[in-house]
Structures are given as structure tokens and as C-alpha cells.
There are 2 protein chains.
Amino acid sequence: MDDVLLYLLKRGAASNAVRATTGEIGAALNMTQQNASRRLNILINQGAVSRIQDKLAISRKGISELRETYSTMRVAFEEIGKITGKLTDGVGDGKYYLSLPGYKNGIKEKFGILPYPGTLNIRLDGNEVWKKSALFDGAPAISGFKHEGRAFGELFVKACTLRSIPVIAVLPKRTHHPYEILELVSEKNLRKVLKIKSGDDVSVTL
Amino acid sequence: MDDVLLYLLKRGAASNAVRATTGEIGAALNMTQQNASRRLNILINQGAVSRIQDKLAISRKGISELRETYSTMRVAFEEIGKITGKLTDGVGDGKYYLSLPGYKNGIKEKFGILPYPGTLNIRLDGNEVWKKSALFDGAPAISGFKHEGRAFGELFVKACTLRSIPVIAVLPKRTHHPYEILELVSEKNLRKVLKIKSGDDVSVTL
DNA sequence: ATTACTAAGACGCGAGTAA
DNA sequence: TTTACTCGCGTCTTAGTAA
């Protein structure tokens, strides 16, 4: 995938002709203006980009080229975006953590919901465990705090869905859980709403 | 975006370690086995890919790299995937064409629905018109046929949605319509179902 | 059967500069 | 101000071949 073409896509050159100088493209992509100029002309000669007066637009050919890469990635990432496992009994500490104002209010602030006191614990299938780190990669975190003299660490939070119900996957930065457990928080009692019980296969999306 | 990394993604190396020889990678990407080997090792040194015995897996770092490109593209393509315009009165010929067994049965075969006799015509906003060619780019076509001595040409068809209702965008290969008109076919009378009338703004997705 | 080294040539890039 | 030419260097690629 050509970086210049991708940059033009980012700039919206697929929908409308946009003004983008070779100097600007070069700066954005960490290359010289001269090289950006050269590479842009290659794209133009290939018919992937067209110059319209002093503006640039990605042509149909350029778009289908980009779209091909996009579909490949979409298929792969949709597969990645599903984490499957079995519903399992928690040890009850999720309930305690969610009763703490620090976490409770943090979730309220970030997602606008007051979490049901208790987490849904999913034991991930063996070859799904690695997805957990991908899930929380770059996820926002609720700050740590002190409560009754004890320090509580940061909590990574990530919006997901479970059978179309919005849920929040949470991961304490310093977790005490075995790593193959995924913890979910929701406004509602998910076991009741979804009529699921321990041992059921579930799949979390996004 | 590195082509070798993208190829591994395509092969599913993001979810599981997959067996992929450098010869195979080279053949797939039109490069020599030697070069594929060299480039693979660069990715491994960068920490984007890891070798597990004789299999390859994309690491967390490689995945977030790919995901960044993916998000860029998704934002851009979601914008592209929406075509907006105003509902307009047709000249009634859509109704005639959809009464012809050739087209009617072609749609029945491809989509499993019997089209409502009549098309919904959308006059695209000026800067949306170009999306029409992108929409039908690579779309399947219903074969042409002869009917009562007259020849009817191929009809491009593409599944879309209009306010969450599945519709079929159609484009006769040799159209008599002005090009800024997008024609939609559906099982139902969309004007009734969606309670829309000429002049209303509508947006077709996908 | 597969990986990866080496040498030589092709190609891409930055710098200088012209238009 | 912006584009794009030339030159020289360095990286990437291929082909041959070893492990």
C-alpha cells in the first residue's frame, strides 16, 4: 500500500479533490518535498490519482486499489474483534471493586452509566487469550486512587458488546486474576438480562 | 504498510501462528524467496512478527501497526460508503423494466426477492455523483436478454441499505438516465414503507 | 525442502537547484 | 510559493549458491 495514496485518502481525497502540496505530503510522511513530488507523479502516471487544477483526487482505480487492502484488513480484524470463552464464576471481588467510588465514578464519567455491582467473568479459550492484550492495547484508563488507606491502581476500560448489549471490558493494570479471564462490567445484571449461566459459551465483540 | 506483514495478516497470522514459507510469501508478493526471507527477518527484528518453531505470528506491535492503517481506511471508506441525495420522481420506466421477466427473474435469482414494480430515484448531490461509479465498481450484473424482438442490456446490481432497509442499487450498462440519478429496487414500496416523498433527503449506505 | 548469505545491479531518496 | 529536474549515495532486490 503506497503511503502517499494512503495519506491522500486520510485527507479525504477520495470524496473530493483536496489541496495538498508536495511539501505538505513530504512533511506528513517524513520525506523530502522532492520525493513526495516524485512519488505523487508516479501515482498520477499509474492513474491512481488525478490532478484537478491545483487539487488532488484519488481516481476510481486508486480507490479500488485501496479498497482491496481495506477488505483484506476488515476480514482479518473482524476475526480478531471477536473473543470467545465460557462464562465462569467470579470470586466476588469484582463486586467489591465496583463498590469503590473511585472506579464506580470513573466509569460513570467515561461511559455515563452506573455499573451493576459485579463483574461478568469469561474464561477465554486457549487460543483467544492473546486477543486480550490486543483488546486493551491503547485503551483508556480510569485513574488510580486511595481509599481507606489502601492504594488502587489504574483500570483499563474498553467498550465492547456481548450479544449486542453494550458492555465494558475492564483490566486492572496490576491484576490478581489469571490472565485468561476477561472481566465485563455493565449497567445491568447481564446474567439475568441475557439469561446466561456459568459454562455457557459467549462471544465479546469489538 | 509493509506488504509482507499484510500478507501474513491475510493468512490469519494475527489470530494464530501459521505456517508460511519464504518461498510462498515471495511467490504471493511477486518477489524472490531471498527477498521475502530478508524482509521477514526485518519484521522479526522490528518485533512486528515472531517465529514460533516453523510458524509465524504477528505480534502485538505488528497488529497495532496494521490496526492504525486500518482505522484510517475505515474512517475514509465509511464516508465513501454513504451516498446522499434527494428523492425524485422517476419517469416511470423503472416500472416497465422491472416488469420484464429477464430483469425480474435475474433479481429473484441473485437476491431471492421479487422486486416491487417501480424504482426509487435519487438525485445525487453534485459532489456525490462520483461515488456512483465506485458503488458499481466490480458489482455483479444480470445478463441481458431479448424480449419481443428488442434487446435489453446488462444490469449492474449492488446490495445497499436505505435507512436500514435492504435495497438493490441498479445501473443499466447502457443507461438512458442522467448520471446523477441513482436507481433503487426493493421488495417493498419504499415510499410507503419509509414514508418518504419527492424532495426528501435520503442516504444510501454501502 | 527451506532458509539465508553474497555480489551486482536497480531503484528510491535527499540535497542542490532551476523554473 | 510550489513543483520537479539532476546527481550521488544508499538501500532494496535479484540471482547464484551455500548450509
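Order of the sequence lines fixes the chain letters, A, B, ..., with proteins taken first and strands second; residue numbering starts at 1 for each chain.
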Of Ile58(A), Leu5(A), Asp2(A), the residue whose pairing with Glu65(A) passes side chain to side chain contact (heavy atoms under 4.5 Å, CB included): Leu5(A)

Once rounded to the nearest 0.5 Å, what's the spacing between atom OG1 of Thr69(B) and atom NZ of Lys10(A)? 8.0 Å

What does nucleotides 14-19 of chain C look like as a protein-contact string, B for base, S for sugar-phosphate only, - for none, at under 4.0 angstrom between heavy atoms? BBBB--

dist Ile142(A):CD1 -> Lys104(A):NZ (nearest 0.5 Å) comes out at 13.0 Å

With a 3.5 Å cut-off and no angle check, do the side chains of Ser203(A) and Asp201(A) form a donor-acceptor pair? no

Taking only side-chain nitrogens and oxygens of Thr22(B), does any of them come within less than 4.0 Å of OP1 or OP2 of dT3(C)? yes

Is the shortest distance from a Lys or Arg side-chain nitrogen in Asp89(B) or Arg191(B) to a carboxylate oxygen in the other one below 4.0 Å? yes

Is Lys82(A) atom NZ crowded by more than 12 heavy atoms from other residues, nucleotides or ligands, each under 6.0 Å away? no

Whole angstrom is fine here: how far is it from CD in Glu24(A) over to C1' in dT3(D)? 14 Å

Which of residues 38-50 of chain B sit near DNA chain C, with a heavy atom under 4.0 Å from it? Asn41(B)

Should the heavy atoms of other residues, nucleotides or ligands under 6.0 Å from CD of Glu68(B) be counted, would the total exceed 12? no

Arg51(B) side chain N/O closer than 4.0 Å to the phosphate oxygens (OP1, OP2) of dA4(C)? yes

Quick one: label Thr21(A) by what it contacts on the DNA or RNA (base, sugar-phosphate, nothing), any heavy atom closer than 4.0 Å. sugar-phosphate

Who pairs with Arg38(B) by side chain to side chain donor-acceptor pair (under 3.5 Å), at least two apart in sequence or on another chain? Asn35(B)

